[in-house]
Amino acid sequence: IHGIGKRCIECDRTDPLTPPAPEYAHSIRLDGDIILGGLFPVHARGERGAPCGELKKEKGIHRLEAMLFTIDLINKDPDLLPNVTLGARILDTCSRDTYALEQSLTFVQALIERDSTDVRCTSGEQPIFAKPDKIIGVIGAAASSVSIMVANILRLFKIPQISYASTAPELSDNTRYDFFSRVVPPDSYQAQAMLDIVTAMGWNYVSTLASEGNYGESGVEAFVQISRESGGVCIAQSLKIPREPRLGEFDKIILRLLETPNARAIVMFANEDDIRRVLDAAKRNNQTGHFLWVGSDSWGSKISPVVQQESVAEGAITILPKRASIEAFDRYFKSRSLSNNRRNVWFAEFWEENFGCKLGMHGKRPGSPKKCTGLEKVGRDSTYEQEGKVQFVMDAVYAMANALHRMHRDLCSGYPGLCPRMSNIDGKELLGYIRNVSFNGSAKTLVVFNENGDAPGRYDIYQYQITNRSAEYRIIGHWTDQLHLNMNAMQWASEDSSVPASVCSLPCQTGERKKVVKGVSCCWHCERCEGYHYQASEFTCQLCPYEQRPDQNRTGCQPIPIIKLEWHSPWAVVPVFIAILGILATTFVVVTFVRYNDTPIVRASGREMSYVLLTGIFLCYVTTFPMIAAPEVAVCSFRRIFLGLGMCFSYAALLTKTNRIHRIFEQGKQSVAAPRFISPASQLVITFSLISVQLMGVFVWFVADPPHTVVDYGEQRTQDPENARGVLKCDISDLSLICSLGYSILLMVTCTVYAIKTRGVPETFNEAKPIGFTMYTTCIIWLAFIPIFFGTAQSAERMYIQTTTLTVSLSLSASVSLGMLYMPKVYIIILHPEQNVPKRKRSFKAIVTAATMTNKLSQLASERPNGEVKTELCESVDNSSEYRRLLYQAQFVNVNVARGSMT
């Protein structure tokens with residue numbers, strides 16, 4: 001029995017595993033002491049349910065003949081497996097994994113125990129079974145999907161496998177494919193090399209395109225994973241080409257790739273048929289020159305994918321394992337003919353396909369008018385170019401032979417031929433020898449395997465270039481663990497010699513940070529560092545220190561300019577002008593009072609208290625100057641001292657005056673006893689006692705928080721950093737200001753209360769009415785001050801507004817006091833000196849009686865009818881006891897009366 005089934009020579013019953021095809025019709029068998037299996041894609045994938053399609057001349061016949069040629073060389077080599085003949089059993093995979101799996105059962109049938117109990121011959125005799133060939137190792141397959149399918153079967157029977165073309169990274173998994181090895185580098189190396197190419201081009205945004213199957217999908221998966229680990233390249237789209245693409249499928253793929261137009265670079269792991277159809281679709285959609293193709297070794301330097309697609313393929317960068325053309329194989333293959341190559345059962349079909357003729361009535365090309373003569377010659381009557389994987393097929397066979405040779409040397413130790421220990425070769429032991437081989441292959445390159453059975457990565461880098469004379473692939477570099485690329489040897493479809501761009505986002509300008517799109521690290525939006533932020537790194541903006549602002553390029557920070565209130569500023573000119581006028585006026589009043597110190601008006605005004613009050617008014621005007629002066633420790637000290645001192649002097653004096661008047665008349669209502677502390681000396685003591693409280697508070701303030709200057713960067717911290725300024729100022733907070741002015745305002749309010757209480761005294765009695773008007777006006781000024789001062793706390797002009805408001809309020813308060821209390825007196829002293837003379841002194845009785853009667857009249861007018869007021873008043877005057885009480889009180893009403901006062 002031959003084949004994968006079993007058949008009784010004289011039986012009518014056929015085993016289910018027996019193929020219906022004639023014996024060896026789909027396989028090549030060479031006798032030998034040791035039989036190697038071979039898997040080659042002699043035919044393409046069949047259509048419409050057929051397992052096999054058209055013949056593949058290069059990938060099928062060239063590679064198959066390379067194995068046969070290498071076996072011939074080994075069998076002739078006296079130094080390699082001497083006295084041992086290698087045989088072969090070669091099968092066609094038809095480029096389909098499921099079909100290849102069925103065919104590979106041939107390799108394991110010798111290891112399957114047969115059950116003959118259900119087999120009977122019609123004659124009743126015992127069935128005779130032919131012994132199948134035992135396959136000790138397999139060369140193949142080509143496609144990764146086929147190798148994966150076959151490897152799962154071979155590992156069960158411990159049959160080593162060496163592939164010449166399968167590059168899927170999945171096959172590097174030594175736990176699942178432990179009996180699989182390959183003489184080509186895996187796609188993980190290829191993916192790394194392609195990533196290095198993309199990186200060298202400056203492309204960080206690419207799409208991937210893969211043919212459905214292990215080769216394409218595993219290659220793209222390896223590329224994507226490596227790119228993620230490196231972090232330099234982002235994947236825009238990962239598209240897959242179906243095994244059985246529908247009509248218009250490739251046009252859809254091109255349109256989908258155009259959805260991310262910035263991703264011009266397309267990394268392709270696809271078979272050559274898919275490559276050709278993708279290029280054709282790009283050409284149909286007028287995308288010539290748009291895409292930048294990066295092809296894997298399935299594209300390599302092949303002509304078939306780019307035939308009639310030269311313009312759209314121009315500039316494509318492809319990769320191919322480093323290889324060489326084997327001249328000995330060229331001579332061998334060109335010498336093959338129908339007569340000397342009968343061992344190849346597919347050679348006749350190749351002959352017809354290669355020369356375009358028909359061999360007799362049973363030829364495979366029934367439509368061909370030309371008949372084959374058998375005298376045609378390869379390379380003379382047809383084009384010939386050695387297929388790219390021929391070198392690797394030969395290296396795979398040599399690797400198996402070298403492993404067997406070392407195994408023979410160790411086990412047989414000089415025994416000619418196969419010794420008994422090698423009559424039944426252990427696959428696991430043979431695998432160990434395979435993994436340890438090291439020799440120079442057919443192209444004089446080192447053939448070795450790592451622990452996973454992978455060959456080292458060695459690639460040539462090609463670019464498809466169009467010149468005036470022709471279009472061809474040119475080597476522009478190579479990759480051996482690292483990329484070596486000659487950028488000067490590259491050329492592109494555009495006239496511009498620079499490398500075309502394939503980036504998601506353009507670089508950001510200075511002062512802008514990259515805001516990376518979520519999930520796509522190579523795509524970003526450029527955001528300008530706003531406000532007080534500067535560009536700290538490529539991806540971050542950081543806030544400048546509080547006292548700094550970004551420079552013009554926003555790449556660093558610079559100090560914020562510092563300003564202060566200048567003397568020439570309009571905010572300073574107005575209060576200074578008012579203060580100067582006030583100082584001159586106050587000085588004029590003081591000089592006038594000093595000159596006319598002994599005149600009745602000055603004496604009647606209370607000279608001691610007047611000088612204290614004028615001092616306070618003068619200090620209120622003077623305070624303007626330290627408030628506007630450039631801040632320093634001395635200036636800040638003067639600000640603290642004078643800020644509330646001038647008001648304190650003024651309102652302490654006025655409060656003492658109004659309190660004195662109030663006490664005199666309140667006491668006069670109750671008894672004839674004189675009030676206490678109404679003498680000038682007492683008044684001064686009371687006034688300076690009140691002032692000392694302010695001075696004590698200032699002293700405590702100095703001790704608790706010594707005066708110093710600060711730069712306030714928050715006051716004029718505008719939204720636009722260009723307008724930001726730091727304000728040099730004294731360290732006086734709003735709370736400190738309130739506390740400093742609070743005591744003076746308390747005196748002012750208290751004085752106002754007493755002014756209200758003494759509003760009923762005689763009109764000309766001791767300045768009560770002018771003091772009242774002064775306090776009312778002052779209260780209005782400071783009530784207006786509060787909302788203006790604190791309402792502008794958030795304004796950019798805060799320093800100017802608050803300083804001007806405060807100084808003007810102080811000056812206006814002083815001006816009101818100066819104008820209402822002293823200007824009338826100065827007017828009389830200067831312009832009407834005739835009124836500033838002593839007049840006839842009125843008796844104490846008349847003065848007190850007049851004052852008391854006036855008060856009485858005011859009270860009774862509000863409580864009695866008009867006719868009763870006069871009668872009661874007269875009765876009150878005639879009352880002697882009441883008269884005597886008022887007479888005694890008059891002695892203490894006003895010391896100025898005793899001195900000849902006019903009031």
Side-chain angles (χ1 to χ4, degrees), residues 24-30 36-46 51-73 88-96 99-100 103 138-143 146 163-166 271-273 298 300-304 323 325-359 362-365 368 372 374-397 442:
Y24 301 127
H26 294 286
S27 66
I28 296 175
R29 184 177 184 277
L30 297 181
L36 301 180
L39 292 172
F40 296 92
V42 180
H43 293 87
R45 181 193 302 267
C52 301
E54 61 184 13
L55 184 76
K56 303 179 78 169
K57 296 190 297 180
E58 289 81 13
K59 286 189 176 181
I61 300 301
H62 282 208
R63 296 176 182 180
L64 182 154
E65 288 291 345
M67 181 174 179
L68 295 176
F69 171 64
T70 307
I71 290 176
D72 291 343
L73 293 178
R89 185 70 184 275
I90 301 175
L91 304 176
D92 180 10
T93 64
C94 291
S95 305
R96 188 187 296 270
Y99 183 79
Q103 293 294 301
V138 174
I139 306 299
V146 174
S163 174
Y164 50 83
S166 298
N271 60 59
E272 58 183 280
D273 291 335
S298 60
S301 59
K302 295 174 183 175
I303 299 299
S304 58
R323 65 182 186 182
S325 180
I326 311 301
E327 295 183 1
F329 176 78
D330 290 339
R331 292 192 297 270
Y332 162 80
F333 194 80
K334 290 178 180 180
S335 67
R336 298 295 89 191
S337 65
L338 292 174
S339 58
N340 64 12
N341 200 20
R342 295 183 179 274
R343 63 182 179 179
N344 186 346
V345 296
W346 298 289
F347 196 72
E349 186 178 354
F350 165 79
W351 198 267
E352 290 183 329
E353 186 72 25
N354 190 54
F355 296 108
C357 59
K358 178 182 178 182
L359 285 171
H362 303 287
K364 298 289 185 180
R365 297 173 59 90
S368 177
C372 301
L375 301 177
E376 295 86 358
K377 190 171 182 64
V378 175
R380 184 193 67 186
D381 300 319
S382 66
T383 58
Y384 168 78
E385 182 180 0
Q386 188 179 125
E387 201 274 332
K389 293 294 192 297
V390 165
Q391 168 197 341
F392 300 107
V393 174
M394 296 180 66
D395 287 345
V397 178
S442 55

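In what follows, every heavy atom counts, from backbone to side chain, and hydrogens, waters and symmetry copies are set aside. For clarity, every value in this text was computed on a predicted model and none was experimentally measured.
Here the straight-line distance linking atom CG of L39 with atom OG of S27 works out to 11.5 Å at 0.5 Å rounding. In this structure, CD on E387 lies 6.5 Å from NZ on K302, to the nearest 0.5 angstrom. One distance of note links CE of M394 with CD1 of I139; it measures 12.5 Å at 0.5 Å rounding. The structure places NE2 of H43 at 9.5 Å from CD of E54, a figure rounded to the nearest 0.5 Å. Between the CG atom in N344 and the CD1 atom in I90 there is a gap of 8.0 Å [rounded to 0.5 Å]. Here the straight-line distance linking atom CG of L73 with atom CZ of F329 works out to 11.0 Å at 0.5 Å rounding.
Between L359 and C372 there is a side-chain heavy-atom pair separated by less than 4.5 Å. Residues I326 and Y332 fail the side-chain proximity criterion, which asks for heavy atoms closer than 4.5 Å. Side-chain atoms of E272 and K59, non-hydrogen and from C-beta on, do get closer than 4.5 Å to each other. E65 places a side-chain heavy atom less than 4.5 Å from the side chain of N341. By the 4.5 Å heavy-atom criterion applied to side chains, I61 and F40 are not counted as neighbours. Using a 4.5 Å heavy-atom threshold, the side chains of W346 and I28 count as touching. Side-chain atoms of S301 and R323, non-hydrogen and from C-beta on, do get closer than 4.5 Å to each other.
In R380, the CZ atom is crowded: over 12 heavy atoms of neighbouring residues, nucleotides or ligands sit closer than 6.0 Å.
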Check against salt bridge (charged side-chain N to carboxylate O under 4.0 Å, His left out), D72 and R343: CA-CA 12 Å; D72 291 343; R343 63 182 179 179; 2.7 Å; yes
Could you check E376 against N354 for side chain to side chain donor-acceptor pair (under 3.5 Å), going step by step and ending with a plain yes or no? CA-CA 10 Å; E376 295 86 358; N354 190 54; over 6 Å; no
side-chain contact (heavy atoms from CB on, under 4.5 Å), that's the test. Do L36 and M67 meet it? Break it down for me. CA-CA 10 Å; L36 301 180; M67 181 174 179; 4.1 Å; yes
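When all heavy atoms are compared, the tightest approach of P41 to R63 is CG-NH1, 4.4 Å. Between S335 and N340, the closest heavy-atom pair is O-ND2, 2.9 Å. Nearest heavy atom pair, residue F355 against residue S382, reads CE2-OG, 3.7 Å. Closest approach of L338 and A348 over heavy atoms only: CD2-CA, 3.9 Å. Of all the heavy atoms in A44 and S95, the pair that sits closest is CA-OG, 3.8 Å. Across S166 and A143, no two heavy atoms sit closer than the pair OG-O, 3.2 Å.
Centroid-to-centroid, the aromatic rings of H62 and Y384 come within less than 6.0 Å.
No donor-acceptor pair closer than 3.5 Å links the side chain of T70 to the backbone N or O of D395. With hydrogens and angles ignored, the 3.5 Å screen pairs no side-chain donor or acceptor of Q391 with any backbone N or O of K389.
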